Peer 1: 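This structure is in structure tokens; I'll ask about it shortly.
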Amino acid sequence: MSPDDADLYVLYRGPLASCNYDCPYCPFAKRVDPPDLLRADRADLHRFADWVAATTDRRLSVLFTPWGEGLTRSWYREVIVRLSHLPHVARVAIQTNLAARTGWLAEANPRVAALWATYHPGQVTRDRFLERCRSLDERGVRYSVGVVGLPEHYDEAIALRAALPDSVYLWVNAADGHLYTAEEEQRWTALDPRFGDSVRPHASLGLPCHAGETAISVIGDGTVRRCHFIPAPIGNLYDGTWRAALRPRACTNSLCDCHIGYVHLKPLRLRDVYADGLLERIPAGW
């Protein structure tokens, strides 16, 4: 299969950086965006959605990775619904804290729309978070649930796993700056069999990667990068230069330590692990 025939994974991140939560491990906690930035984010997102709608010669899978919380903003909900009904869009997903109500998903195509949800103990009660999860189950929406693997989150993560249906995948992100003992790693791996992918950075320099070939990162003004973690632009979405830029590439970073990056490293073969659950972080057959 040539790159022109393969699905194109598009990670989109607009200027939005505000969040309703105050997590101590996040630099965007309780950030408030000014009205002019919110207007720009909305305009950028709708322009991107128009591009997706018009780009019918590729099968597209779209993941929104906002710095802040997108689903508290109506335009993210509206765009996810819109894109979920496009025949050439295989998946549209978003990373979210699941704070927003989920009724809007009744208008989305549940075979296409999906959520990558994160539970943040201390910001929301477990019961309230589980209530949101149950509403997703009732609507037949695909979703994963995760936690940051801090020691103080472990008991909550155990309780969350026990309360969720077995069909819901619970992932654990290794906490930045936390060194895991062998015992800690074993405990977290018992919750998330893929925790080992996250617990240690992956040496990536010179390794072949799907990023820049069948996966791209896009920011609000349409600048296209190979991935979120290599800032050099390779084209622009709206002038068509992204097309000629797609080609096999080796990573230029020494390490890759974020799931949305290393999942595209070819030697790890994680696309085979996740298959059509790649964007919402659900292993195939879970």
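The model shown is predicted, which means the values in this text are computed figures rather than measured ones.
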Peer 1: Test of understanding: clusters of I, L, V, M, F, W, Y form through side-chain heavy atoms closer than 4.5 Å, transitively. Do V62 and I219 belong to the same one?
Peer 2: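 Unlinked, V62 and I219 end up in two clusters.
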Peer 1: side-chain hydrogen bond (donor to acceptor under 3.5 Å, both in side chains) between T214 and R271: does it pass, once the steps are laid out?
Peer 2: CA-CA 12 Å; T214 57; R271 285 195 178 185; 2.9 Å; yes
Peer 1: The criterion is side chain to side chain donor-acceptor pair (under 3.5 Å); which residues satisfy it with R226, sequence neighbours excluded?
Peer 2: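 Checked R226 against side chain to side chain donor-acceptor pair (under 3.5 Å); zero matches.
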Peer 1: Minimum heavy-atom separation for S144 to E280, with atom names?
Peer 2: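 The pair with the smallest heavy-atom distance is OG-O, 2.7 Å.
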Peer 1: List the steps and the verdict of side chain to side chain contact (heavy atoms under 4.5 Å, CB included) for T55 and R243.
Peer 2: CA-CA 11 Å; T55 307; R243 290 183 180 271; 3.8 Å; yes
Peer 1: Among all residues two or more places apart in sequence or in another chain, which pass the side chain to side chain donor-acceptor pair (under 3.5 Å) test with S198?
Peer 2: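 Result, side chain to side chain donor-acceptor pair (under 3.5 Å) vs S198: none returned.
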Peer 1: Compare every heavy atom of V218 with every heavy atom of V224, then report the nearest pair and how far apart it is.
Peer 2: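 Between these two residues, the closest heavy atoms are CG2-CG2, 4.2 Å.
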Peer 1: Please enumerate all residues that pass ring pair (Phe, Tyr, Trp, His ring centres under 6.0 Å) together with F129, with sequence neighbours excluded.
Peer 2: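 Residues passing ring pair (Phe, Tyr, Trp, His ring centres under 6.0 Å) with F129: Y119.
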Peer 1: Step by step, would you call V10 with I216 a side chain to side chain contact (heavy atoms under 4.5 Å, CB included)?
Peer 2: CA-CA 5 Å; V10 184; I216 57 174; 4.1 Å; yes
Peer 1: Roughly how far, to the nearest 0.5 Å, is OG1 of T252 from CG of L205?
Peer 2: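 Result: 7.5 Å between the selected atoms.
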Peer 1: Going by heavy atoms in the side chains, are L71 and L115 under 4.5 Å from each other?
Peer 2: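 Yes, their side chains come closer than 4.5 Å.
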Peer 1: To the nearest 0.5 Å, tell me how far L63 CG sits from I94 CD1.
Peer 2: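 If I round to the nearest 0.5 Å, the distance is 8.5 Å.
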Peer 1: Going by an N to O cut-off under 4.0 Å, is there a salt bridge joining D127 and R134?
Peer 2: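 No.
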Peer 1: With salt bridge (charged side-chain N to carboxylate O under 4.0 Å, His left out) as the rule and sequence neighbours excluded, what pairs involving residues 177-195 come up?
Peer 2: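 Pairs touching residues 177-195 that pass the test: E185-R200, R194-D197.
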Peer 1: Has S84 got a side-chain atom pairing as donor or acceptor with N109's backbone, closer than 3.5 angstrom?
Peer 2: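 Between the backbone of N109 and the side chain of S84 there is a qualifying donor-acceptor contact (under 3.5 Å).
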Peer 1: Nearest 0.5 Å please: distance from the CG atom of N236 over to the CG atom of D221.
Peer 2: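 Going from CG on N236 over to CG on D221, the span is 6.5 Å.
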Peer 1: Starting at NE2 of H264, measure out to OG of S217 and round the result to the nearest 0.5 Å.
Peer 2: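 The OG atom of S217 is 9.5 Å from NE2 of H264, to the nearest 0.5 Å.
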Peer 1: Compare all side-chain heavy atoms of I230 with those of R225 and state whether any distance is below 4.5 angstrom.
Peer 2: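 A side-chain contact is absent here, since even the closest heavy-atom pair is not under 4.5 Å.
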Peer 1: Do V92 and R82 come within less than 4.5 Å of each other through their side chains, counting heavy atoms only?
Peer 2: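 No. Closest side-chain heavy atoms not under 4.5 Å.
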Peer 1: Anything under 30° is parallel, anything over 60° is perpendicular, the rest tilted; go ahead and classify W286 against Y169.
Peer 2: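 Perpendicular, since the angle between the ring planes exceeds 60°.
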Peer 1: Is there a path of hydrophobic side-chain contacts, each under 4.5 Å between heavy atoms of I, L, V, M, F, W or Y residues, that connects I282 with L191?
Peer 2: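 I282 and L191: separate clusters.
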Peer 1: Are side-chain heavy atoms of W116 and I260 found at a separation under 4.5 Å?
Peer 2: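 The answer is yes; the side chains approach within 4.5 Å.
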Peer 1: Keeping H153 on the side-chain end and V148 on the backbone end, is there a donor-acceptor pair under 3.5 Å?
Peer 2: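 Yes.
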Peer 1: Does one side chain, of Y76 or D41, offer a donor that lies under 3.5 Å from an acceptor on the other?
Peer 2: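 Their side chains do contain a donor-acceptor pair, which is all the 3.5 Å distance test asks for.
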Peer 1: Determine the minimum heavy-atom distance between L164 and V168, stating which atoms define it.
Peer 2: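 Taking every non-hydrogen atom into account, CD1-CG1, 4.2 Å.
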Peer 1: So do the side chains of D276 and R142 get within less than 4.5 Å of each other, counting heavy atoms only?
Peer 2: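 Touching, per the 4.5 Å side-chain cut-off.
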Peer 1: Taking only residues two or more places apart in sequence or in another chain, which ones pass ring pair (Phe, Tyr, Trp, His ring centres under 6.0 Å) with Y12?
Peer 2: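 For Y12, the residues satisfying ring pair (Phe, Tyr, Trp, His ring centres under 6.0 Å) (neighbours in sequence not counted) are F48, F64.
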Peer 1: With sequence neighbours left out, write down each residue that passes side chain to side chain donor-acceptor pair (under 3.5 Å) with R73, or none if nothing qualifies.
Peer 2: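 Side chain to side chain donor-acceptor pair (under 3.5 Å) list for R73, sorted by chain: S18.
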Peer 1: May I have all residue pairs that pass ring pair (Phe, Tyr, Trp, His ring centres under 6.0 Å) and include part of residues 209-231, sequence neighbours excluded?
Peer 2: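 Applying ring pair (Phe, Tyr, Trp, His ring centres under 6.0 Å) to every pair that reaches into residues 209-231, excluding sequence neighbours, yields nothing.
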Peer 1: Between V145 and R161, does the side chain to side chain contact (heavy atoms under 4.5 Å, CB included) criterion hold? Intermediate values first, please.
Peer 2: CA-CA 9 Å; V145 168; R161 174 68 278 172; over 6 Å; no
Peer 1: Find the distance between CZ (F195) and CG (L170) and round it off to the nearest 0.5 Å.
Peer 2: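 F195 atom CZ to L170 atom CG measures 12.0 Å (nearest 0.5 Å).
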Peer 1: Compute whether any side-chain donor of one residue and acceptor of the other, for Y143 and D137, lie under 3.5 angstrom apart.
Peer 2: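 Per modelled atom types, Y143 and D137 side chains form a pair under 3.5 Å.
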Peer 1: Let me confirm one number: the CD-NZ distance from E213 to K266, rounded to the nearest 0.5 Å.
Peer 2: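 Going from the CD atom of E213 to the NZ atom of K266 covers 3.5 Å.
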Peer 1: Without swapping roles, check the side chain of D33 against the backbone of A17 for a donor-acceptor pair under 3.5 Å.
Peer 2: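 Yes: the side chain of D33 pairs with the backbone of A17.
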Peer 1: Between S61 (side chain only) and A90 (backbone N and O only), is there a donor and an acceptor less than 3.5 Å apart?
Peer 2: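 No; zero donor-acceptor contacts below 3.5 Å.
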Peer 1: Go through the structure and list residues passing ring pair (Phe, Tyr, Trp, His ring centres under 6.0 Å) with W75, not counting sequence neighbours.
Peer 2: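 Here no residue qualifies.
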Peer 1: Please check if L278 and V89 belong to a single hydrophobic cluster, counting links between Ile, Leu, Val, Met, Phe, Trp and Tyr side chain heavy atoms closer than 4.5 Å.
Peer 2: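 Not linked; separate clusters.
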Peer 1: What are the two closest non-hydrogen atoms of V147 and A157, and how far apart are they?
Peer 2: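 Smallest interatomic distance, heavy atoms only, reads CG2-CB, 4.0 Å.
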Peer 1: Find out if a path of hydrophobic residues (ILVMFWY) with successive side-chain heavy-atom gaps under 4.5 Å connects L279 to L60.
Peer 2: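 No.
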Peer 1: Using ring pair (Phe, Tyr, Trp, His ring centres under 6.0 Å) as the criterion, list what pairs up with W242, not counting sequence neighbours.
Peer 2: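 Ring pair (Phe, Tyr, Trp, His ring centres under 6.0 Å) check on W242 returns W51.
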Peer 1: Run the side chain to side chain donor-acceptor pair (under 3.5 Å) test against S135 and tell me which residues pass, sequence neighbours left out.
Peer 2: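 Per chain and number, S135 pairs via side chain to side chain donor-acceptor pair (under 3.5 Å) with T102.
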Peer 1: Please report the closest heavy-atom contact between L98 and T96, naming both atoms and the distance.
Peer 2: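 L98 and T96 have their closest heavy atoms at N-OG1, 2.9 Å.
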Peer 1: Which residues pass the side chain to side chain contact (heavy atoms under 4.5 Å, CB included) test with V141, sequence neighbours left out?
Peer 2: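 Here the qualifying residues are L105, L136, R139.
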Peer 1: Counting only heavy atoms not in D239, do more than 12 fall under 6.0 Å of its CG?
Peer 2: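 It does: D239 CG has more than 12 such atoms within range.
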Peer 1: Can you name the side chain to side chain contact (heavy atoms under 4.5 Å, CB included) partners of L207, sequence neighbours left out?
Peer 2: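 Listed in chain order: L265, P267.
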Peer 1: Would you check if Y274 and R281 make a side-chain contact, meaning some heavy-atom pair closer than 4.5 Å?
Peer 2: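 Yes. Closest side-chain heavy atoms under 4.5 Å.
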Peer 1: Does L270 share a hydrophobic cluster with V172, counting links as ILVMFWY side-chain heavy atoms below 4.5 Å and allowing steps through other members?
Peer 2: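 No; V172 is not reachable from L270 via cluster members.
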Peer 1: Are R249 and I234 side-chain neighbours, meaning at least one heavy-atom pair lies under 4.5 Å?
Peer 2: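 Side chain of R249 against side chain of I234, heavy atoms only: contact under 4.5 Å found.
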Peer 1: For the backbone of R126 and the side chain of E156, can you confirm whether one donor and one acceptor N or O come within less than 3.5 Å of each other?
Peer 2: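 Looks like no, no N/O pair under 3.5 Å.
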Peer 1: Using modelled atom types and a 3.5 Å cut-off, is there a donor and acceptor pairing between side-chain atoms of Y180 and backbone atoms of A175?
Peer 2: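 Yes; at least one donor-acceptor contact below 3.5 Å.
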Peer 1: When you compare the side chain of D44 with that of P15, does any pair of heavy atoms fall below 4.5 Å?
Peer 2: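 Touching, per the 4.5 Å side-chain cut-off.
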Peer 1: Checking side chain to side chain contact (heavy atoms under 4.5 Å, CB included) for the pair W171/T118: CA distance, chi angles, key distance, verdict?
Peer 2: CA-CA 9 Å; W171 49 265; T118 305; 3.4 Å; yes
Peer 1: Mind listing the closest non-hydrogen atom pair of A53 and H88 along with its distance?
Peer 2: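 In terms of heavy atoms, the two residues are closest at O-CE1, 3.6 Å.
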